Number of protein chains: 2
Amino acid sequence: MSQTQCTEEAGADAYDVFARACPSRGTLEHVTGRWGSLTLCALSGDTLRFNELRRRVDGVSEKMLSQTLHALERDGLVIRDAQPTNPPHVEYRLSPLGRAAAERLQALIDLVETRMPDVMASRESYDAARGTG
Amino acid sequence: MSQTQCTEEAGADAYDVFARACPSRGTLEHVTGRWGSLTLCALSGDTLRFNELRRRVDGVSEKMLSQTLHALERDGLVIRDAQPTNPPHVEYRLSPLGRAAAERLQALIDLVETRMPDVMASRESYDAARGTG
DNA sequence: CGGCATCCGTGACGATACTG
DNA sequence: CAGTATCGTCACGGATGCCG
């Protein structure tokens, strides 16, 4: 079946080429990606189970959450606690490194959110200029 | 021509649905995206011209750089100075907000880069565990 | 419940050609 | 040099189905 997509459990990106030149890029992508960032934020508050996480991260599919979690776990940002009970009980939490990353990320998010009015204003003038001119 | 892709100059993402619920997500994507982050970093040092930027941001295509720059400009993070000379001379630089964002971003990147050894180690154990059994 | 495999559509992205 | 228009690809990501 070779690798149709990211079936490769390792979570190898299609951008390995660049990752090779700059290994941190891949990790940065995991952290800052659409789902990665939201997952990190969700976990910065609590330890959560798979489906709790799924509810928190609005719009994420099971597949993407699983994929994101794997990438983050592999990078050592997220810790997976699986208790082999029945039904299975699995919890996800941040590692110290994950927590540090989440904090930096949160700083960025806070900035963007507080400055959102400016952004919206900028967007309007930009669109106006383009639409009118 | 409707919108084959992101031809829409406004830079409307395919994730408007989520953006509507949380407007900052779109901007966050622009800032943290593969090219957005690298562009912001490249510009945090200097004012650069289009092709200088292209050389700095390793692997970016003309199209993506243009697209990224537009998104960032629209969000008010990047300022475009175009002098209608011949040949055209266009410079890109960060706005104060863009600079603030770039700083936060850099903090995250620095963290990831300095902790890269940990990440690599984590990856190895993860892969070993999966590979071995 | 937690989570993997598969199929499949959409659109992000890269290469190219063209304009000013 | 700066940038847009077009086309092809293929990876991302959603829906579904199955297993422990």
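A note on names: the letters A, B, ... follow the listed sequences, proteins ahead of strands, and every chain is numbered from 1. Note that the structure is a prediction, hence the values are computed from the model and not measured.
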In whole angstrom, give the distance that lies between atom CD of B:Gln67 and atom P of C:dG14.
9 Å
To the nearest angstrom, the CD-P distance between A:Glu52 and C:dC1 comes to 11 Å
B:Phe50 CZ to C:dT19 P, in whole Å, measures 18 Å
B:Met64 CE to C:dA12 C1', straight-line distance once rounded to whole Å:
7 Å
More than 12 non-hydrogen atoms from neighbouring residues, nucleotides or ligands closer than 6.0 Å to CD on B:Glu52, yes or no?
yes
Quick check on B:Arg99: does its CZ atom have over 12 non-hydrogen neighbours (other residues, nucleotides or ligands) under 6.0 Å away?
yes
Take B:Tyr126 and A:His70 through the side-chain contact (heavy atoms from CB on, under 4.5 Å) test and state the conclusion after the steps.
CA-CA 10 Å; B:Tyr126 184 92; A:His70 277 332; 3.3 Å; yes
What's the NZ-P distance between A:Lys63 and C:dG9, to the nearest Å?
14 Å
Should the heavy atoms of other residues, nucleotides or ligands under 6.0 Å from CE of A:Met120 be counted, would the total exceed 12?
no
Identify whether the distance between the nearest side-chain nitrogen and carboxylate oxygen of B:Asp127 and A:Arg74 falls below 4.0 Å.
yes
Could you tell me the separation between the CG atom of B:Leu65 and the P atom of C:dG14, rounded to a whole number of Å?
11 Å
Could you tell me how far apart A:Leu69 (CG) and D:dG13 (P) are, to the nearest whole angstrom?
15 Å
Give a yes/no answer on whether the side chain of B:Arg49 brings an N or O atom under 4.0 Å of OP1 or OP2 in D:dA2.
yes
CE on A:Met116 to OG1 on B:Thr27, rounded to 0.5 Å:
3.5 Å
OP1 or OP2 of D:dT4 versus the side-chain N and O atoms of B:His70: is any pair under 4.0 Å?
yes
Is A:Arg34 close enough to D:dG13 that one of its side-chain N or O atoms is under 4.0 Å from OP1 or OP2 there?
yes
Just to be sure I understand the geometry, which residues of residues 80-95 of chain B put a non-hydrogen atom under 4.0 Å away from DNA chain C?
B:Pro88
Does this structure show an ion pair linking A:Arg56 with A:Asp46, if we count only N-O contacts that are shorter than 4.0 Å?
yes
Using a cut-off of strictly less than 4.0 Å, decide whether B:Ser66 has a side-chain nitrogen or oxygen near OP1 or OP2 of D:dT4.
yes
Between P on D:dC18 and CD on A:Glu62, what's the gap in Å once rounded to a whole number?
14 Å
